[in-house]
Visitor: 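Here's a structure for you.
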2 protein chains.
Amino acid sequence: MDASDDGARGALTEEDAPSAAFADDGKNTIGSQLASRLREAIISGELEAGSKINLDRARKTFNVSLSPLREGLARLISDGLVEFQDNRGYRVAPISIGNLEEVTTLREELEVFALRESIRVGDVEWEGNIMRALHRLNRTERDAARPETLEYWETLHREFHLTLISGCGKPLLLHFCNLLLNLNDRYRRAFLVRTSGDRNVGQEHSEIAQGAVARDVEYACEKLRQHIHRTGTNLRNHLATKGVV
Amino acid sequence: MDASDDGARGALTEEDAPSAAFADDGKNTIGSQLASRLREAIISGELEAGSKINLDRARKTFNVSLSPLREGLARLISDGLVEFQDNRGYRVAPISIGNLEEVTTLREELEVFALRESIRVGDVEWEGNIMRALHRLNRTERDAARPETLEYWETLHREFHLTLISGCGKPLLLHFCNLLLNLNDRYRRAFLVRTSGDRNVGQEHSEIAQGAVARDVEYACEKLRQHIHRTGTNLRNHLATKGVV
DNA sequence: GCTTGACAGATAATCGATTATTCTCATATT
DNA sequence: AATATGAGAATAATCGATTATCTGTCAAGC
């Protein structure tokens, strides 16, 4: 499941890194469960970007009372997926080309920095986790005809990117990267059914991973930067096609 | 007042940048007011780092009901000042040397990047705002004997740093920097009554500001980086002295 | 002596009802 | 015609009470 779905929700210092399965992954309270469901609903595009969230309607849709609903929504604010204004309620964070460009730029800056740090201080276990995540990702088919494979691929893809930087030992930085990845995934799941023909994404991932475990900082970081940049460019073109400003 | 105290609380895309006074700055709801009061209480050290927040006691202390109290606390989670765990409630985010070092490192990375971008795209109004913020800061006495002057100085200092990077045109980046500045200020207000003798902080600020408005990217960025780094080093020494791990 | 389990008190989470605010739209006014 | 006003509906915020969960203590069993 999504690494950010841990039942134990901390603050910015929480453990955002992907980790081995939790037998009992918490999610005890209705508020927590709602946060997960809403997060998935927003990232998957089920809830339209920019739309207002009517509390009363949402209350009925999810069969919950107001308190846990507000609780869940409040958490998504820190994820950047929901906006809030006093007395005007909540709305799904809007999307825009400007926002996508900023997310891409910051990913280039922060994820690359986190990878650099990971290569510097990451241990052997970190290396192993990368190889595992890469293998699982590249062995998974991404068939546009079957949405469930797409979602599974997204999960693994996200896991791969988080694993890459999980060795850096900087919880705050990982938190920021996690947020950015969330925001980015929303764009991809909304607009990118298939990758553009001139890319071999699987090979890109392999190159990054091999550079990382070989501790070749410059190679790995440059490959990661290009990978993020290309995705950003592709997405921007798709958005422009669909008339998003 | 604190720039992050806007009544209108948005998500990560909100306007975190400092701006001229709001005649009516909102803060309509009890939840919002509480968020501000609690934020100040935590940053100023009034609420001890790492301590548990008993909801019932807090409810009585602030004379509010449970719902707005939870609302206010939830917002501080996204600020990284409060941590939360299902069924175990809220606690003030702990401090540690490790966290301080990460905050410092990320400030060096992100604030410097934001300054670089600001110098690249900032307009004349941005330049003017810097000179104004610098003037107000350097004209304000920082008298350790009078706490109210310290607090006022902190406000202006924060305003100066946010103004420096306010021209970058990247709301998400500004949000991250705002969070980091919050976390950093908590350490300073707790541990740094006076700056160490070998520094002339006023001059450091002046050099950064002059470099920025002169559009000398490398000079300004290097000065800012050193400024942040020195503060980090000073704080770490103070923490170590007081036995913080 | 150590572990396990039941109990009680403390604490957090949730609910349904109430109050306050904003929004809508028809009407009045310049 | 454009703008201002105000009543009523829609919606958000808050409250007090109730329910669920956890934490620490102490006794029974191994």
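No hydrogens, no waters, no symmetry mates; every other heavy atom, side chains included, goes into these values. Worth saying up front: this structure is predicted, and the values here are computed from it rather than measured. So that the names make sense, note that chain A is the first sequence line, chain B the second, and so on, each numbered from 1.
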Visitor: Considering only dC22(D), dT14(D), dT11(C), which nucleotide approaches the side chain of Ile30(B) most closely?
Guide: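 Of dC22(D), dT14(D), dT11(C), dT14(D) is nearest to the side chain of Ile30(B).
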
Visitor: Please determine whether side chain to side chain donor-acceptor pair (under 3.5 Å) holds for the pair Arg142(A) and His157(A), giving the CA-CA distance in whole Å, both sets of side-chain angles, and the decisive distance to 0.1 Å.
Guide: CA-CA 11 Å; Arg142(A) 187 157 173 255; His157(A) 182 242; over 6 Å; no

Visitor: Phosphate oxygens OP1/OP2 of dT11(C): is one of them under 4.0 Å from a side-chain N or O of Asn54(B)?
Guide: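 So the side chain of Asn54(B) is within the cut-off, an N or O lying under 4.0 Å from OP1 or OP2 of dT11(C).
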
Visitor: What is the distance from CZ of Phe62(A) to P of dT14(C), rounded to the nearest Å?
Guide: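 Interatomic distance, CZ of Phe62(A) to P of dT14(C): 15 Å.
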
Visitor: What's the CG-C1' distance between Asp86(B) and dA20(D), to the nearest Å?
Guide: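 Taking atom C1' of dA20(D) as the reference, CG of Asp86(B) is at 13 Å.
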
Visitor: What's the verdict on side chain to side chain donor-acceptor pair (under 3.5 Å) for Arg189(B) and Asn184(B), showing C-alpha distance, side-chain angles and the deciding distance?
Guide: CA-CA 9 Å; Arg189(B) 286 173 73 163; Asn184(B) 192 73; over 6 Å; no

Visitor: From dA13(C), dT14(D), dC22(D), pick the nucleotide closest to the side chain of Asn28(A)?
Guide: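 Comparing dA13(C), dT14(D), dC22(D) against the side chain of Asn28(A), the answer is dC22(D).
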
Visitor: Between dA12(C), dT14(D), dT14(C), which one does the side chain of Leu66(A) approach most closely?
Guide: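 Of all the options, the side chain of Leu66(A) is nearest to dT14(D).
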
Visitor: Taking side chain as C-beta onward, heavy atoms only, is Phe176(B) less than 4.5 Å from Leu106(A)?
Guide: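 In short, these two side chains touch, coming nearer than 4.5 Å.
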
Visitor: With sugar-phosphate meaning primed atoms plus P, OP1 and OP2, does Ile53(B) contact a base, only sugar-phosphate, or nothing at under 4.0 Å between heavy atoms?
Guide: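 Touches sugar-phosphate only.
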
Visitor: May I ask you to test the Glu71(B)-Ile30(B) pair for a side-chain heavy-atom distance under 4.5 Å?
Guide: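 Not in contact.
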
Visitor: Write down the distance between OH (Tyr90(A)) and P (dA12(D)), rounded to a whole number of angstrom.
Guide: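 Going from OH in Tyr90(A) over to P in dA12(D) covers 10 Å.
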
Visitor: What is the separation between atom CG on Asp56(B) and atom C1' on dA17(D), rounded to the nearest whole Å?
Guide: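 Atom CG in Asp56(B) sits about 13 Å away from atom C1' in dA17(D).
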
Visitor: In terms of side-chain geometry, is the basic nitrogen of Arg120(B) or Glu117(B) positioned less than 4.0 Å from the acidic oxygen of its partner?
Guide: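 Salt bridge present between Arg120(B) and Glu117(B).
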
Visitor: From dT14(C), dT22(C), dT14(D), pick the nucleotide closest to the side chain of Arg70(B)?
Guide: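 Among the listed nucleotides, the one closest to the side chain of Arg70(B) is dT14(C).
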
Visitor: Rounded to the nearest Å, what distance is computed from the CD atom of residue Gln33(A) to the C1' atom of nucleotide dT14(C)?
Guide: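 It works out to 13 Å between those atoms.
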
Visitor: On the nucleotide dA13(D), are OP1 or OP2 found under 4.0 Å from the side-chain N or O atoms that Arg88(A) carries?
Guide: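 So the side-chain polar atoms of Arg88(A) never come under 4.0 Å of the phosphate oxygens OP1 or OP2 of dA13(D).
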
Visitor: Measure from CZ on Arg59(A) to P on dA12(D) and round the result to the nearest Å.
Guide: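 One finds 12 Å between P of dA12(D) and CZ of Arg59(A), rounded.
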
Visitor: What integer distance in Å separates Lys60(B):NZ from dT11(C):C1'?
Guide: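 Interatomic distance, NZ of Lys60(B) to C1' of dT11(C): 11 Å.
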
Visitor: Does Asn87(B) place a side-chain N or O at less than 4.0 Å from the phosphate oxygens OP1/OP2 of dC22(D)?
Guide: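 It does, given that an N or O in the side chain of Asn87(B) lies less than 4.0 Å from OP1 or OP2 of dC22(D).
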
Visitor: Calculate the interatomic distance between Leu55(B) atom CG and dT21(D) atom C1'; express it in whole Å.
Guide: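 It works out to 14 Å between those atoms.
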
Visitor: Look at the side chain of Pro68(B) and decide which nucleotide, out of dC15(D), dT14(C), dT11(C), has an atom nearest to it.
Guide: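 Looking only at heavy atoms from C-beta outward on Pro68(B), the closest nucleotide is dC15(D).
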
Visitor: In terms of side-chain heavy atoms of Arg57(A), which of dA12(C), dT11(D), dG16(D) is nearest?
Guide: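 Given the options dA12(C), dT11(D), dG16(D), the side chain of Arg57(A) is closest to dT11(D).
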
Visitor: Which of the following nucleotides, dC15(C), dT11(D), dG16(D), is nearest to the side chain of Lys52(A)?
Guide: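 Nearest to the side-chain atoms of Lys52(A), counting from C-beta on, is dT11(D).
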
